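Small disclaimer: the values here were computed from a predicted structure and weren't measured. Count residues from 1 along the sequence.
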Amino acid sequence: MVHFITSNAHKFAEVKKLTDIPLVQMNLPYPEIQADTLQEVAEYGAEYCYERVGEPCFVEDSGLFCDALLGFPGPYSNYVDRTLGCDGILRLVSQNRKAHFTSVIAYHDGSKVNLFMGEVGGTLTETKKGEKGFGFDPIFVPEGETRTFAEMETEEKNLYSHRGKAFTAFISYLNQVR
Ligand code: IMP
């Protein structure tokens, strides 16, 4: 049994579609430290959670990196989503619509933290499209597609997404070591 420490039901639903390994969602609040990289944020979170859960567990930290904003909001995406939201981001990126999402999974196996990463490049739309998903899904079209993540079913989003890639790498690691 592996615990995914997250309060985000969308993230849990996405990773559940990718594996038969028994996963348990645990809504344990943990500090998201202010740092320049997702890796640092996730690593700190995994250490913090393992100390409390006492069993193998992982956290996932992700962010949207806009070329026009030199990578902002990146590790500050959660705050920016809650303040500026999709409309606020669209107002800021009119000159250059390229962006990418990155996901970092930090898994504490009981003795150390292991990191897994996934990334997807794409384009920000001019207006929001689609109702599915969460966060910036309605404004992000992954490379090779014409639809936003919010217009896709979870399984389709997983084929392209940063989280789908990070989680696939994590699962293949788990399958090797178990
Ligand atoms: P955190 O990983 O929970 O800190 O989330 C960072 C923020 O990035 C989220 O609140 C979303 O706004 C955004 N984000 C991360 N992953 C996704 C995604 O798959 N779709 C849309 N927005 C995302």
Side-chain angles (χ1 to χ4, degrees), residues 1-65 71-85 99-121 132-137 140 142 149-150 152-178:
M1 190 99 76
V2 184
H3 295 82
F4 182 7
I5 316 292
T6 182
S7 58
N8 187 325
H10 293 280
K11 288 186 178 183
F12 188 71
E14 286 178 15
V15 302
K16 276 289 274 182
K17 295 266 186 203
L18 290 167
T19 183
D20 293 334
I21 293 176
L23 291 180
V24 179
Q25 180 181 3
M26 191 181 266
N27 188 353
L28 169 69
Y30 62 90
E32 288 200 4
I33 58 164
Q34 192 169 332
D36 288 349
T37 65
L38 299 175
Q39 282 83 349
E40 290 167 89
V41 180
E43 196 160 357
Y44 185 90
E47 297 275 12
Y48 179 98
C49 292
Y50 180 73
E51 271 178 32
R52 280 142 191 94
V53 176
E55 287 184 48
C57 60
F58 69 97
V59 304
E60 190 261 3
D61 201 54
S62 42
L64 175 71
F65 296 74
F72 185 79
Y76 308 106
S77 294
N78 187 305
Y79 177 75
V80 168
D81 186 12
R82 286 183 282 114
T83 51
L84 295 176
H100 65 271
F101 274 116
T102 302
S103 161
V104 175
I105 289 173
Y107 170 60
H108 201 306
D109 60 12
S111 56
K112 65 181 187 317
V113 176
N114 307 268
L115 298 177
F116 305 89
M117 213 182 104
E119 201 166 282
V120 57
K132 302 184 181 79
F134 70 101
F136 300 115
D137 279 344
F140 186 85
F149 276 157
M152 297 181 188
E153 298 301 331
T154 302
E155 291 87 343
E156 291 182 279
K157 178 181 171 185
N158 274 341
L159 292 175
Y160 295 100
S161 83
H162 49 312
R163 190 167 304 101
K165 290 172 185 164
F167 198 72
T168 301
F170 174 41
I171 289 301
S172 98
Y173 168 82
L174 279 185
N175 286 332
Q176 280 167 33
V177 297
R178 284 166 121 228

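- In this structure H3 satisfies the ring pair (Phe, Tyr, Trp, His ring centres under 6.0 Å) test with no other residue, sequence neighbours excluded.
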Evaluate E60 against S103 for side-chain hydrogen bond (donor to acceptor under 3.5 Å, both in side chains), listing each step before the verdict. CA-CA 7 Å; E60 190 261 3; S103 161; 2.6 Å; yes
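- By the salt bridge (charged side-chain N to carboxylate O under 4.0 Å, His left out) test, D81 is found to be paired with no residue, residues two or more places apart in sequence or in another chain being considered.
- Among residues two or more places apart in sequence or in another chain, the salt bridge (charged side-chain N to carboxylate O under 4.0 Å, His left out) test is passed with E14 by K157, R163.
- Nearest heavy-atom pair across C49 and V59 is SG-CG1, 4.0 Å.
- When the side chain to side chain donor-acceptor pair (under 3.5 Å) test is applied to S111, the partners found at least two apart in sequence or on another chain are D109.
- Remark: Y44 pairs with no residue by the side chain to side chain donor-acceptor pair (under 3.5 Å) rule, at least two apart or across chains.
- By the 4.5 Å heavy-atom criterion applied to side chains, I5 and V53 are counted as neighbours.
- Looking at residues two or more places apart in sequence or on another chain, you find a ring pair (Phe, Tyr, Trp, His ring centres under 6.0 Å) between F116 and F170, Y173.
- By the side chain to side chain contact (heavy atoms under 4.5 Å, CB included) test, A35 is found to be paired with I33, E40, V41, residues two or more places apart in sequence or in another chain being considered.
- Within 6.0 Å of CG on D20 lie no more than 12 heavy atoms contributed by other residues, nucleotides or ligands.
- A 4.5 Å side-chain heavy-atom check between Y160 and M152 finds at least one atom pair inside the cut-off.
- Minimum interatomic distance between A99 and F140 (heavy atoms only, all atoms of both residues): O-CE1, 3.8 Å.
- Considering all non-hydrogen atoms of both residues, H10 and G133 come closest at CE1-O, 3.3 Å.
- Interatomic distance, T6 OG1 to Y30 OH, rounded to the nearest 0.5 Å: 6.0 Å.
- In this structure, the separation between CZ on F12 and NZ on K17 is 12.0 Å, given to the nearest 0.5 Å.
- By the ring pair (Phe, Tyr, Trp, His ring centres under 6.0 Å) test, Y79 is found to be paired with no residue, residues two or more places apart in sequence or in another chain being considered.
- With sequence neighbours excluded, the residues satisfying side chain to side chain contact (heavy atoms under 4.5 Å, CB included) with E153 are K132, E155, E156.
- Atom CZ in F167 sits 9.5 Å away from atom CG in N158 (nearest 0.5 Å).
- Residues passing the salt bridge (charged side-chain N to carboxylate O under 4.0 Å, His left out) test with K165: none are found, sequence neighbours excluded.
- Between atom CD of residue E51 and atom SG of residue C57 there is a gap of 10.5 Å, rounded to the nearest 0.5 Å.
- Remark: L84 CG to Y76 OH distance equals 14.5 Å, nearest 0.5 Å.
- Residues meeting the side chain to side chain donor-acceptor pair (under 3.5 Å) test with R82, sequence neighbours left out: N78.
- Taking both residues in full, the closest heavy atoms of Y48 and P29 are given as CE2-O, 3.8 Å, listed atom of the first, atom of the second, then distance.
- For F136, the ring pair (Phe, Tyr, Trp, His ring centres under 6.0 Å) test picks out no residue, with sequence neighbours left out.
- In D36, the CG atom is not crowded: 12 or fewer heavy atoms of neighbouring residues, nucleotides or ligands sit closer than 6.0 Å.
- Rounding to the nearest 0.5 Å gives a distance of 4.0 Å between CD of E119 and OG1 of T102.
- What you find for A13 and T154 is that their closest heavy atoms are O-CG2, 4.2 Å.
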